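Presented below is the structure to which this report refers.
Heavy-atom basis, side chains included; hydrogens, waters and symmetry copies ignored. All values reported here derive from a predicted model rather than from experimental measurement. Numbering of residues begins at 1 and proceeds along the displayed sequence.
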Amino acid sequence: MKILMLSIFAPHFFNWTEQLKDSGHEVYWLDVYDSNTKVERIDFVNQIVGWRYRWDYPGRYFLKKNASKLTDIINRLNERDFGRVLERKIIEIKPDVIHSFVIYLGGEKGLPVIEKFPNLKWIVSTWGSDLYYYRNKKTYLDGIQRVLHKADYLFTDCKRDHKIALENGFRGKWLGAFPGGGGFSFSKIDPLMVPIAERRLILIKGYQGLHGKCIEVLKALEELKDLLGHYKIVVFGNGEEVEAYIQNSKLKAWLNLKLLGKISHQGVLELMGKAKIYIGNSTSDGMPNTLLEAIVMGAFPVQSNPGGVTAEFIEDGFNGSLIEDAEDIYKIRRTIIKTISGEIDIFKGISYNLQEIKPRLERELIRQKVIEQYQLIGDQIIQV
């Protein structure tokens with residue numbers, strides 16, 4: 001089967017696409033915004049990059065930075081139209097199916113062209129807040145509904161988003177809920193795990209912004225100094241806003257608190273393998289990747305639950321703790337106290353996660369299930 005994928009340049013996409021290596025499918029990728037960079041890790045894919053500009057003239061980046069109006073004029077002549085490029089590639093490749101990743105970045109952008117090919121099957125994958133947050137924004141809702149109405153197949157990263165898709169016009173076949181980047185290679189991550197009994201680290205995701213609410217967690221911690229004295233507390237992925245907050249709060253004097261800022265994915269996994277407790281807090285998300293990483297690395301998760309998505313894996317007070325209101329500092333503090341005070345048997349919860357949930361997230365297992373879904377599509381196309 002020929003598969004033409006439409007996606008932005010994103011690690012999630014590369015992780016997902018790696019699952020199709022040696023699957024027998026002929027895979028193409030049109031980089032929607034054209035990073036002009038080929039990706040070695042998916043070298044089995046026919047990568048359509050470098051399509052955007054007719055001429056990559058000297059000084060283009062200097063002009064973009066220093067003469068934006070002149071750049072706009074030049075770009076009108078120099079930039080190729082994505083829709084025309086996509087249409088030409090569909091005619092040239094003759095794919096059996098198009099697979100778009102993220103509704104409003106890879107789906108809606110390709111929709112006008114895909115509608116010109118009524119017999120061409122279309123898969124859409126949703127990630128993160130793709131549906132949960134943006135379906136409440138009028139500027140996005142119309143596009144979301146048009147994409148869902150047209151899509152023949154749908155992958156989501158949680159069951160919640162299948163329900164939201166049905167509520168917004170999807171009438172195709174749901175292919176299941178799978179981690180957005182595929183599963184985990186245990187042979188690579190297990191050596192990073194410290195024995196649970198030796199762990200004294202609380203790990204906090206430091207995102208603050210549109211959805212991320214790390215500062216609310218830090219505010220909840222401020223009154224718990226005595227309770228947290230024997231823990232090492234590490235915040236990762238934080239920006240200047242979180243750093244500024246700490247500099248102007250009681251936390252500045254905490255010797256056991258450390259900010260790491262941006263770190264690699266490998267660095268996150270290493271920290272998860274040392275953490276006793278992981279805390280992630282946001283007002284909107286799909287199935288959080290860091291939640292899954294905490295589960296497979298043996299860290300007890302304390303995680304926000306927008307739209308009930310985290311509850312698909314976590315039973316509150318058993319194998320994790322749910323933050324039901326990401327902006328209610330009092331309730332977050334109470335959840336943290338409940339987690340670390342002995343009220344919850346953390347070791348029992350971690351044991352359950354490692355024995356019952358982790359095996360379901362093994363990369364080869366996920367890969368085989370994903371390939372089965374592509375094969376199902378191929379079989380249906382042949383029958384037609």
Side-chain angles (χ1 to χ4, degrees), residues 193-209 211-263 267-283 288 290-291 293-295 297-305 310 314 316-350 353:
M193 294 177 63
V194 171
I196 308 301
E198 298 177 14
R199 302 187 187 192
R200 291 293 181 271
L201 171 64
I202 294 178
L203 185 62
I204 302 171
K205 188 171 183 178
Y207 290 5
Q208 183 71 28
H211 305 311
K213 299 299 174 185
C214 172
I215 288 177
E216 282 70 12
V217 172
L218 296 175
K219 288 180 178 179
L221 293 180
E222 280 187 80
E223 306 304 322
L224 303 178
K225 185 175 182 179
D226 292 341
L227 199 57
L228 298 171
H230 66 292
Y231 285 99
K232 180 179 179 181
I233 302 169
V234 171
V235 180
F236 74 94
N238 60 281
E240 294 179 357
E241 191 172 354
V242 169
E243 186 173 351
Y245 175 78
I246 289 176
Q247 288 300 315
N248 292 285
S249 73
K250 299 176 184 178
L251 298 172
K252 182 179 180 180
W254 287 28
L255 300 179
N256 61 333
L257 175 63
K258 183 178 182 180
L259 295 178
L260 289 184
K262 293 182 180 180
I263 60 174
V268 173
L269 289 172
E270 290 175 2
L271 285 170
M272 288 289 189
K274 299 174 182 177
K276 182 176 182 180
I277 295 168
Y278 163 70
I279 304 176
N281 189 41
S282 64
T283 54
T290 43
L291 167 69
E293 289 161 359
I295 288 172
M297 298 305 290
F300 189 85
V302 179
Q303 179 71 51
S304 51
N305 187 37
T310 302
I314 300 301
D316 186 36
F318 172 53
N319 65 325
S321 295
L322 299 180
I323 297 173
E324 294 293 1
D325 186 339
E327 297 178 294
D328 189 320
I329 296 164
Y330 174 80
K331 288 183 178 178
I332 295 171
R333 183 181 299 127
R334 178 66 193 122
T335 298
I336 294 171
I337 292 172
K338 181 177 69 173
T339 303
I340 64 178
S341 65
E343 189 175 334
I344 298 173
D345 188 340
I346 287 180
F347 294 102
K348 185 177 180 179
I350 292 173
N353 286 340

Can you tell me how far apart [atom1] ([X]) and [atom2] ([Y]) are? Round to the nearest 0.5 Å.
{"X": "Arg199", "Y": "Met193", "atom1": "CZ", "atom2": "CE", "value": "5.0 Å"}
{"X": "Ile277", "Y": "Thr339", "atom1": "CD1", "atom2": "OG1", "value": "6.0 Å"}
{"X": "Asn248", "Y": "Glu243", "atom1": "CG", "atom2": "CD", "value": "11.0 Å"}
{"X": "Lys252", "Y": "Leu257", "atom1": "NZ", "atom2": "CG", "value": "13.0 Å"}
{"X": "Leu203", "Y": "Glu293", "atom1": "CG", "atom2": "CD", "value": "10.0 Å"}
{"X": "Ile196", "Y": "Lys276", "atom1": "CD1", "atom2": "NZ", "value": "10.0 Å"}

Smallest separation among heavy atoms of [X] and [Y], with atom names:
{"X": "Thr290", "Y": "Lys205", "value": "OG1-NZ, 3.7 Å"}
{"X": "Gly206", "Y": "Val242", "value": "O-CG2, 3.4 Å"}
{"X": "Thr310", "Y": "Ser304", "value": "OG1-O, 2.6 Å"}
{"X": "Ile332", "Y": "Ala220", "value": "CG2-CB, 3.7 Å"}
{"X": "Ala299", "Y": "Met272", "value": "CB-O, 3.9 Å"}
{"X": "Leu201", "Y": "Lys274", "value": "CB-O, 3.6 Å"}

Could you tabulate the donor-acceptor pairs under 3.5 Å formed by side-chain atoms of residues 221-237, not counting sequence neighbours?
residue	atom	partner	partner atom	Å
Glu222	OE1	Lys250	N	3.4
Glu222	OE2	Tyr245	OH	2.2
Glu223	OE2	Lys250	NZ	3.1

Residue pairs passing the salt bridge (charged side-chain N to carboxylate O under 4.0 Å, His left out) test where at least one lies in residues 332-344, sequence neighbours excluded: Asp316-Lys338, Arg334-Glu343
Are [X] and [Y] side-chain neighbours, meaning at least one heavy-atom pair lies under 4.5 Å?
{"X": "Leu271", "Y": "Ile263", "answer": "yes"}
{"X": "Gln303", "Y": "Ile314", "answer": "no"}
{"X": "Gln208", "Y": "Asn238", "answer": "no"}

For the CD atom on Gln247, are there more than 12 heavy atoms of other groups (residues, nucleotides or ligands in this structure) within a distance under 6.0 Å? yes
Side chain to side chain contact (heavy atoms under 4.5 Å, CB included) with Ser321: of Ile346, Thr335, Ile340, only one passes, and it is Thr335
Under the side chain to side chain donor-acceptor pair (under 3.5 Å) test, which residues partner [X], sequence neighbours left out?
{"X": "Asn281", "answer": "none"}
{"X": "Asn305", "answer": "Glu324"}
{"X": "Thr283", "answer": "none"}

Are Ser282 and Tyr207 close enough that a side-chain donor and a side-chain acceptor fall under 3.5 Å? no
Keeping to residues at least two apart or across chains, list the ring pair (Phe, Tyr, Trp, His ring centres under 6.0 Å) pairs with something in residues 317-344. Phe318-Tyr352
Check whether Asn319 reaches the backbone of Asn353 with its side chain - one donor and one acceptor, N or O, closer than 3.5 Å. no
Please lay out, stage by stage, how Phe300 and Lys348 fare under the test side chain to side chain contact (heavy atoms under 4.5 Å, CB included). CA-CA 10 Å; Phe300 189 85; Lys348 185 177 180 179; over 6 Å; no
